[in-house]
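So the structure is just underneath, and the comments pick up after that.
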Amino acid sequence: KRGAGEVAAAEPRSKLPRPAPSLPTAAALYAGPFPFYRRPSQLGCFSLDAQRRYRGDARALRYYRPPANGQRPDFDLRDGYPERYRPRDEEAREGLDHLLRWLLEHRGGLEGGPGWLAGAIVTWRGHLTKLLTTPYERQEGWQLAASRFQGTLYLSEVETPAARAQRLSRPPLLRELMYMGYKFEQYMCADKPGGSPDPSGEVNTNVAFCSVLRSRLGSHPLLFSGEVDCTDPQAPSPEPPACYVELKTSKEMHSPAQWRSFYRHKLLKWWAQSFLLGVPSVVAGFRNPEGFVCSLKTFPTMQMFEHVRNDRDGWNPSVCMNFCAAFLSFAQNTVVQDDPRLVHLFSWEPGGPVTVSVHRDAPPVFLPTWYVEAMTQ
Ligand code: 0WD
Ligand code: CA
């Protein structure tokens, strides 16, 4: 006599409804030991100029120059707003284009041996940051488009409808706050190694210096690029990325509760971003309600976790990295076909799992024809 289970098992596999694959994101599922993460090494760099044109060199790299020892900062972050502000065009969808240009020009000389790129994941550092913080994120979802081409898995963010709506209706105060972050960089950086900061010029957010790095998370070889604020000419180890410094601004804090919240939320994002690229420290400028930075504090990346280690509502670096590794495995197993015109779109909203949809020959296809054709030669 047959049981019901055996009847079902006897059905041809193709007739069984296949559950849509998805990936859960709850932090509790990703506890455990810290996974392997290869010390990121810099493969190269590029710059974007004042017109947002690609330049295959370090011309946009700036030099860390904080106020002389004992001098308190007194930076007016609102100075020059809006008349000396040239904001980047946020409607321009650049995708991975600048990174792909660098890769095209350097693919012949990549370390790791022949075939290394074919097994790698190529993306922006900022996309990996979003993956790292996903188990703790309660506000903003994300969408990542994925295509496999010549073995390599490419990941490129797609702006969610909610993020687009928010950007288009960004309140004036938030626009000014964004400017203030860039203005802080101008007070803290010089254009030349021995030079002094010049806050009289304009703030042009088209300009960027990007480092291109190689790493590996678990079994996933990574090639990614991230924007770097500056290099410290006096860094104990002069080789990149150990010489890089990340600059941030944050509200001045006055109570233990404000510090606790800062450690739980902001420090997580700072840690994820700088840890991925191997930036050893983040220098924060704390702004008062008038928009002046009167105090600075250096947060070593490797010590950030200490602020939440004993906090039940804190974050855990292992959870972040384990989730990221799980997502990369999920993506590698989902995107099977090698086809630059095929996109698997991974979507996530807080409280839910990562889900997948498939798209062909239309947006969100993101690998440009010039890249695909040049790589096919
Ligand atoms: O168009 C997009 N949705 C994205 C563009 C998403 C992610 C990155 N990018 C571009 C950026 O414009 C930049 O050229 O990629 C490059 C940098 O990538 P990343 O380093 O992977 O990005 P992330 O780590 O998120 O940001 C690093 C810095 C930011 O510093 P802060 O301290 O704010 O985290 O890159 C800058 C910003 O200074 N940046 C941007 N600048 C202008 N417009 C943007 C943006 N959309 N995103 C990051
Ligand atoms: Ca910054």
Side-chain angles (χ1 to χ4, degrees), residues 16-38 121 123-146 153 155-163 166 215-220 222 224 257 259-277 301-336 343-358 364:
L16 290 171
R18 193 198 297 257
S22 70
L23 180 73
T25 63
L29 298 173
Y30 298 96
F34 195 86
F36 175 81
Y37 187 65
R38 181 191 195 268
I121 295 171
T123 191
W124 283 111
R125 180 270 310 271
H127 303 356
L128 296 173
T129 305
K130 287 197 177 175
L131 290 171
L132 258 62
T133 58
T134 294
Y136 299 106
E137 177 64 43
R138 287 147 179 263
Q139 315 258 341
E140 281 163 20
W142 48 253
Q143 291 190 315
L144 276 176
L153 187 70
L155 298 175
S156 179
E157 191 180 20
V158 173
E159 190 175 38
T160 64
Q166 269 199 23
S215 181
R216 178 160 56 89
L217 173 55
S219 61
H220 303 289
L222 302 173
F224 60 93
W259 278 102
R260 188 64 20 235
S261 170
F262 166 83
Y263 295 146
R264 284 176 182 168
H265 305 290
K266 228 166 193 179
L267 216 48
L268 163 61
K269 299 201 169 170
W270 293 5
W271 170 79
Q273 184 186 45
S274 287
F275 176 75
L276 279 165
L277 212 145
T301 306
M302 297 313 270
Q303 291 164 30
M304 290 179 179
F305 174 53
E306 300 309 325
H307 295 287
V308 291
R309 191 189 280 278
N310 300 315
D311 184 345
R312 302 170 72 52
D313 296 315
W315 44 274
N316 187 314
S318 299
V319 168
C320 300
M321 299 301 279
N322 286 327
F323 171 74
C324 186
F327 173 81
L328 297 179
S329 297
F330 179 57
Q332 287 284 19
N333 294 329
T334 304
V335 186
V336 176
V343 162
H344 282 77
L345 186 63
F346 294 90
S347 303
W348 179 72
E349 285 300 328
V354 180
T355 60
V356 197
S357 59
V358 189

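No hydrogens, no waters, no symmetry mates; every other heavy atom, side chains included, goes into these values. Numbers here simply count residues along the sequence, with the first being 1. All values reported here derive from a predicted model rather than from experimental measurement.
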* To do: Could you tell me which residues satisfy salt bridge (Lys or Arg N to Asp or Glu O under 4.0 Å) with Glu159, sequence neighbours excluded, listed by chain and number?
  => Arg93, Arg167

* Asked: Is there any side chain to side chain donor-acceptor pair (under 3.5 Å) pair reaching into residues 22-36, and which pairs are they, with sequence neighbours excluded?
  -> Thr25-Trp348

* Mind checking whether Leu276 and Tyr37 have side chains closer than 4.5 Å, heavy atoms only? -> yes

* Polar contact flag, side-chain donor to acceptor under 3.5 angstrom, Thr133-Trp315 -> no

* Do Phe224 and Leu128 have side chains that get closer than 4.5 Å, going by heavy atoms? -> yes

* Near Glu306 CD, under 6.0 Å, is it more than 12 heavy atoms from other residues, nucleotides or ligands? -> yes

* What is the distance from atom CZ of Arg264 to atom NE2 of His307, rounded to the nearest 0.5 Å? -> 14.0 Å

* Do Met321 and Phe34 come close enough that some side-chain heavy atom pair is under 4.5 Å? -> yes

* Close side-chain approach of Leu144 to Leu131, heavy-atom, < 4.5 Å -> yes

* Pairwise side-chain contact, Cys320 with Leu268, heavy-atom cut-off 4.5 Å (strictly under) -> yes

* To do: Compare all side-chain heavy atoms of Pro317 with those of Phe275 and state whether any distance is below 4.5 angstrom.
  => no

* Is there side-chain contact between Phe262 and Leu267, with at least one heavy-atom pair below 4.5 Å? -> yes

* Is the distance between the ring centroids of Trp142 and Phe327 under 6.0 Å? -> yes

* **Side-chain (Tyr136) to main-chain (Asn316) donor-acceptor, under 3.5 angstrom** => yes

